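Report on one structure; see the data block that follows.
Note that the structure is predicted; figures quoted are calculated from it, not measured. Residue numbers count from 1 along this sequence.
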Amino acid sequence: MRTRPLKVALLGCGVVGSEVARIMTTHADDLAARIGAPVELAGVAVRRPSKVREGIDPALITTDATALVKRGDIDVVVEVIGGIEPARTLITTAFEHGASVVSANKALLAQDGAALHAAAEANGRDLYYEAAVAGAIPLIRPLRESLAGDKVNRVLGIVNGTTNFILDKMDSTGAGYQEALDEATALGYAEADPTADVEGFDAAAKAAILAGIAFHTRVRLDDVYREGMTEVTAADFASAREMGCTIKLLAICERAGDGASVTARVHPAMIPLSHPLASVRGAYNAVFVESDASGQLMFYGPGAGGSPTASAVLGDLVAVCRNRLSGATGPGESAYAALPVSGMGEVVTRYHISLDVADKPGVLAQVATVFAEHGVSIDTVRQQGKDGEASLVVVTHRASDAALVGTVEALRKLDTVRGVASIMRVEGE
């Protein structure tokens with residue numbers, strides 16, 4: 001074993017960063033044995049140096065992150081500060097000064113992953129980011145390495161623990177959205193401002209990363225269709241149960257049927273109770289991967305939190321340090337396929353549409369005619385009504401999003417349709 005330690009700079013020492021530092025200290029001997037050399041925490045960049053950080057030598061603390069990554073003796077920079085800047089500049093500066101980088105920054109990778117990979121390659125360094133998606137769940141490395149000889153066709157998953165907790169609570173207790181969100185906040189699963197989670201921004205960033213790796217195509221955050229879950233109601237769950245389904249906020253990345261393009265999207269969807277993702281409870285994450293040779297694979301586990309995310313960071317750190325010792329680099333960006341990314345209008349799936357209609361003869365015939373005129377085939381219809389008002393629930397066969405949008409626009413023009421109560425996609429079949 002080499003006795004000279006590999007030096008690590010840590011950018012950020014919050015929930016995840018402090019766990020990374022703790023594990024590096026408490027498991028130092030094991031890490032050294034796995035890497036082939038000891039690793040040494042050489043500096044920790046923070047915004048508030050006065051805060052007490054148990055187990056970290058105060059002499060390592062600095063507020064000058066730029067000076068830390070510019071040190072010529074740093075082998076690996078671990079970035080867990082998040083956001084776009086200064087993270088982007090610090091990472092590229094680290095590459096330029098000879099360090100490889102381990103990051104958990106999903107937002108930055110989804111927006112500028114191609115540029116960061118190019119900077120790493122130009123400087124002969126590694127960029128690893130297992131912790132950017134689904135916390136402790138090994139997912140990026142299996143997609144990038146274990147399935148490198150396979151053709152991935154679809155990635156379908158729950159990649160945000162906050163939203164899964166809320167939806168699971170609504171399903172299991174009958175709670176409304178706000179009530180479930182309040183409980184998630186009280187338990188620490190939701191931030192004071194939960195927008196990034198409940199509006200799907202967090203999941204969309206992860207979907208962009210997964211799609212890029214799975215399909216060897218550059219997929220940016222702007223390419224991902226995003227729809228939040230704040231409009232999901234107890235009535236939607238009641239309808240889902242009648243269909244033998246539940247509701248999840250899903251990240252879905254898939255190839256078109258002809259393989260000539262890909263799509264990436266995040267939205268709430270009904271999913272059959274028989275599907276493995278339907279049983280994912282609480283704040284857990286799970287991702288379902290479908291490929292030609294391997295068939296169906298499922299990855300499941302805690303998707304967030306200090307210790308689970310730190311576990312993924314440390315796994316990357318070990319891999320990058322091994323590469324450093326051997327003078328090699330690991331897999332970089334693979335975007336050779338360069339498939340076009342289609343918009344949401346091209347997506348084909350089933351739909352569950354709930355309409356408020358007048359309770360009188362001929363309404364069903366009018367509604368069915370509109371669906372037929374737009375080429376959307378109806379699978380089932382359920383109608384209930386009294387006192388002149390009724391609800392009409394239509395479940396379609398597979399149709400394009402564009403066709404469904406046209407259908408709904410036409411339905412709204414019917415005098416007998418009072419309103420569209422909800423529209424939800426049905427996935428996982």
Side-chain angles (χ1 to χ4, degrees), residues 6-12 16-17 20 39 42-45 62 64-133 140-141 143-145 148 205-224 312-338 341:
L6 292 160
K7 295 191 176 184
V8 178
L10 179 61
L11 307 183
V16 176
V20 170
V39 288
V44 182
T62 179
D64 194 343
T66 301
L68 179 59
V69 300
K70 283 184 175 181
R71 281 174 47 175
D73 63 335
I74 298 297
D75 294 288
V76 184
V77 169
V78 175
E79 182 272 309
V80 288
I81 57 178
I84 305 302
E85 288 291 357
R88 174 170 48 197
T89 298
L90 290 171
I91 289 173
T92 55
T93 300
F95 290 142
E96 292 165 359
H97 287 78
S100 290
V101 173
V102 173
S103 176
N105 196 331
K106 55 187 172 289
L108 178 58
L109 289 158
Q111 179 173 305
D112 290 321
L116 295 178
H117 274 294
E121 183 176 1
N123 291 280
R125 294 294 177 253
D126 277 323
L127 173 62
Y128 276 48
Y129 43 90
E130 183 68 62
V133 179
I140 289 177
R141 191 171 291 124
L143 283 173
R144 191 162 66 171
E145 299 178 30
K206 296 170 181 176
I209 294 169
L210 292 175
I213 296 171
F215 306 133
H216 305 280
T217 292
R218 287 179 179 170
V219 180
R220 290 171 48 90
L221 181 58
D222 291 345
D223 295 321
V224 181
V313 169
L314 268 294
D316 278 351
L317 179 64
V318 169
V320 169
C321 286
R322 287 172 175 169
N323 292 343
R324 191 83 172 186
L325 289 179
S326 65
T329 55
E333 182 189 33
S334 176
Y336 73 90
V341 183

Atom pair NZ (Lys206) and CD1 (Ile140), whose distance is rounded to the nearest 0.5 Å: 10.5 Å
Closest non-hydrogen atom pair between Ser100 and Arg324, with its separation: N-NH1, 3.8 Å
Glu79/Leu90 under side-chain contact (heavy atoms from CB on, under 4.5 Å): CA gap, chis, key distance, verdict: CA-CA 9 Å; Glu79 182 272 309; Leu90 290 171; over 6 Å; no
Aromatic ring proximity Tyr129/His117, centre distance under 6.0 Å: yes
Close side-chain approach of Ile81 and Pro86, heavy atoms under 4.5 Å: yes
NZ/NE/NH1/NH2 to OD/OE distance under 4.0 Å, Glu333 and Arg218: yes
Derivation of the side-chain contact (heavy atoms from CB on, under 4.5 Å) call for Arg88 and Asp112: CA-CA 8 Å; Arg88 174 170 48 197; Asp112 290 321; 2.3 Å; yes
Flag, side chain of Asp223 to backbone of Val341, donor-acceptor distance under 3.5 Å: no
Side-chain (Arg220) to main-chain (Gly113) donor-acceptor, under 3.5 angstrom: no
Contact summary for Gly124 and Thr329, nearest pair of heavy atoms: O-CG2, 3.4 Å
Residues Thr92 and Glu96: side-chain donor-acceptor under 3.5 angstrom: no
Closest approach of Thr93 to Thr89 (non-hydrogen atoms, all atoms of both residues): OG1-O, 2.7 Å
Steps toward side-chain contact (heavy atoms from CB on, under 4.5 Å) verdict (Val101, Tyr128): CA-CA 6 Å; Val101 173; Tyr128 276 48; over 6 Å; no
Over 12 non-hydrogen atoms of neighbours within 6.0 angstrom of CD in Glu121: no
Main-chain N/O of Leu6 paired to Asp75 side chain as donor or acceptor, under 3.5 Å: no
Distance (rounded to the nearest 0.5 Å) between Asp64 CG and Arg71 CZ: 11.5 Å
Sub-4.5 Å side-chain heavy-atom contact between Asp126 and Val76: no
Main-chain N/O of Asn323 paired with Ser326 side-chain donor or acceptor, under 3.5 Å: yes
Test side-chain contact (heavy atoms from CB on, under 4.5 Å) applied to Val133 and Leu210, step by step: CA-CA 8 Å; Val133 179; Leu210 292 175; 4.0 Å; yes
Side-chain (Thr217) to main-chain (Phe215) donor-acceptor, under 3.5 angstrom: yes
Donor-acceptor contact present, side-chain Arg125 to main-chain Gly98, <3.5 Å: yes
Spatial distance of atom CG (Leu108) from atom CD1 (Ile84) [nearest 0.5 Å]: 5.0 Å
Non-hydrogen side-chain atoms of Ile74 and Val8 separated by less than 4.5 Å: no
Nearest non-hydrogen partners of Gly17 and Leu10, listed with the distance: O-CD2, 3.4 Å
Least distance between heavy atoms, Leu221 atom then Ala205 atom: CD1-N, 3.5 Å
Minimum side-chain heavy-atom gap Leu314-Asp316 below 4.5 Å: no
Within-4.5 Å side-chain heavy-atom neighbours: Val77 and Ile91: no
Side chain to side chain, Ser334 and Ile213, heavy atoms closer than 4.5 Å: no
Heavy-atom closest pair, residues Ala87 and Gly82: CB-O, 4.0 Å
Test item: Leu68 and Leu11 side chains (from C-beta on) under 4.5 Å apart, heavy atoms: yes
